[in-house]
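Presented below is the structure to which this report refers.
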There are 2 protein chains.
Amino acid sequence: MNASNHTYRPEPLRMTNQRKGILEEVQKARQHLTADEVYELVRKKQPRISLSTVYRNLEKMADAGILARLELSGNQRRYDWNTDMHHHARCVRCGAVRDVPVDAGVELDLGSQAINGFAVSGFRLEFKGICEKCR
Amino acid sequence: MNASNHTYRPEPLRMTNQRKGILEEVQKARQHLTADEVYELVRKKQPRISLSTVYRNLEKMADAGILARLELSGNQRRYDWNTDMHHHARCVRCGAVRDVPVDAGVELDLGSQAINGFAVSGFRLEFKGICEKCR
DNA sequence: AATAATAATAGTAATTATTCCTAAAAGTCA
DNA sequence: TGACTTTTAGGAATAATTACTATTATTATT
Ligand SMILES: [Mn+2]
Ligand SMILES: [Mn+2]
Ligand SMILES: [Zn+2]
Ligand SMILES: [Zn+2]
């Protein structure tokens, strides 16, 4: 029931050189990179790539689920190679972002799916603190 | 123990007309306003106020704890009249932001204060879902 | 293979949110 | 009053992101 009645055109995603280069850097960096950082990395191998291509493709691949948009408060947008559900911790001193596994001292009861009339479909948890380097 | 050793100069905050107008609007709106929205509201009563004054004073008053900075993912910054600890839920359709009381189905164990070498001092929890209007 | 249709690109301009700068105005206080 | 400090308005500057456009590359169709 309630199936969509018009056929999906699956939006072909051509795997261009630029796209491949971008994805590669994001995946091998194993960090949470900004568009600008990705640009600087890809540039080394593809000096003619443009910044807007990087922006566009990070967004496209995030939409496609190939990588994850990392939404942190009040910052430059970052992208995550890790598309699995996990949380993040940010150092208030140096701004470093660390992964936090879902079970690390965190228990979140989403059983009551309706908060204040909201149909809750997900949540985002962001820790703040001070990393070991900054102590 | 561990008290700061230099005396605090308590940073005098003059309660100017502009400041009063800004605070008033934030508090009576009972919404999570952006700087721009505050500007438009205050303008009605103080047509000569400048946008940068609004920005500057929202920041100052947030620093002073008179109002709260509301940090949501990837958005324009918003300010909260409510400085008590609480969470927020955002509607993915219309963007509306609702308050979520700290005890609403949420149990977060911060007993283990060290996550991954991080000295955790706080966290931010943001729900996403669909509000009643958008269903 | 040639042609047509579609998608992606580089480079740049435009937009948006925010912060910075500066000279003038207003508030504080001895 | 006069010195000092804070705040202001208005505009310029910055930073991140998005939009535009002519060109190039890829895929589909004859
Ligand atoms: Mn991550
Ligand atoms: Mn709130
Ligand atoms: Zn740090
Ligand atoms: Zn809604």
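Atom set for the values below is all heavy atoms of this structure, side chains included, hydrogens, waters and symmetry mates excluded. So you know, we letter chains A, B, ... as the sequences are listed, proteins then strands, and number each from 1.
- B/Leu13 places its CG atom 11 Å from the P atom of D/dT6, with the value rounded to the nearest Å.
- Rounded to whole Å, the distance from CD1 on B/Ile49 to P on D/dG10 is 10 Å.
- For A/Gln18 (side chain) and A/Val54 (main-chain N/O), no donor-acceptor pair under 3.5 Å exists by modelled atom type.
- The CG atom of B/Asp36 sits 7 Å away from the P atom of C/dA17 (whole-angstrom rounding).
- Under the 3.5 Å distance criterion, the side-chain polar atoms of B/Glu126 are left unmatched by any main-chain donor or acceptor of B/Arg90.
- Taking atom CG on A/Leu58 and atom P on D/dA16, their separation rounds to 15 Å, with Å as the unit.
- For A/Tyr55 and D/dT17, the shortest distance from a side-chain N or O to OP1 or OP2 is below 4.0 Å.
- A salt bridge is absent between B/Arg135 and B/Glu132; no separation between the charged side-chain nitrogens and carboxylate oxygens falls under 4.0 Å.
- The partner of C/dT6, taking Watson-Crick or G-U wobble pairs whose two distances both stay under 3.5 Å, is D/dA25.
- Within the 4.0 Å cut-off from OP1 or OP2 of D/dT6, not a single side-chain nitrogen or oxygen of B/Lys60 is found.
- In this structure, A/Gln46 does not reach the C/dT9 phosphate: none of its side-chain N or O atoms is under 4.0 Å from OP1 or OP2.
- When atom types are taken as modelled, the side chain of B/Arg19 and the backbone of B/Arg14 share a donor-acceptor pair closer than 3.5 angstrom.
- Distance CD (B/Gln18) to P (C/dA24): 18 Å, rounded to an integer number of Å.
- OP1 or OP2 of C/dG11 lies within a sub-4.0 Å distance of a side-chain N or O belonging to A/Arg48.
- In this structure, B/Arg48 and B/Arg43 have side chains that are not in contact, with every pair of non-hydrogen atoms separated by 4.5 Å or more.
- Of all nucleotides listed (C/dG11, C/dT9, D/dT18), C/dT9 comes nearest to the side chain of A/Thr53.
- Side-chain proximity of B/Ser52 to C/dT9, D/dG11, D/dA19: nearest is D/dG11.
- Checking side-chain atoms of B/Glu25 against main-chain N and O of B/Ile22 turns up no donor-acceptor pair under 3.5 Å.
- For A/Asn17, no side-chain nitrogen or oxygen approaches OP1 or OP2 of C/dA8 to under 4.0 Å.
- Between B/Arg19 and D/dT8 there is a side-chain polar atom (N or O) within less than 4.0 angstrom of OP1 or OP2.
- One N or O on the side chain of A/Glu37 and one on the backbone of A/Thr34 form a donor-acceptor pair closer than 3.5 Å.
- Atom CD in B/Glu59 sits roughly 14 Å away from atom P in D/dT8 (whole-Å rounding).
- Distance CE (B/Met61) to C1' (D/dT8): 14 Å, rounded to an integer number of Å.
- Here the P atom of nucleotide C/dG11 and the CG atom of A/Leu51 are 11 Å apart, to the nearest Å.
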What is the per-nucleotide protein-contact pattern of nucleotides 22-28 of chain D, from the 5' end, where B denotes a base atom under 4.0 Å from a protein heavy atom, S denotes such proximity for sugar-phosphate atoms only, and - denotes neither?
---BBS-
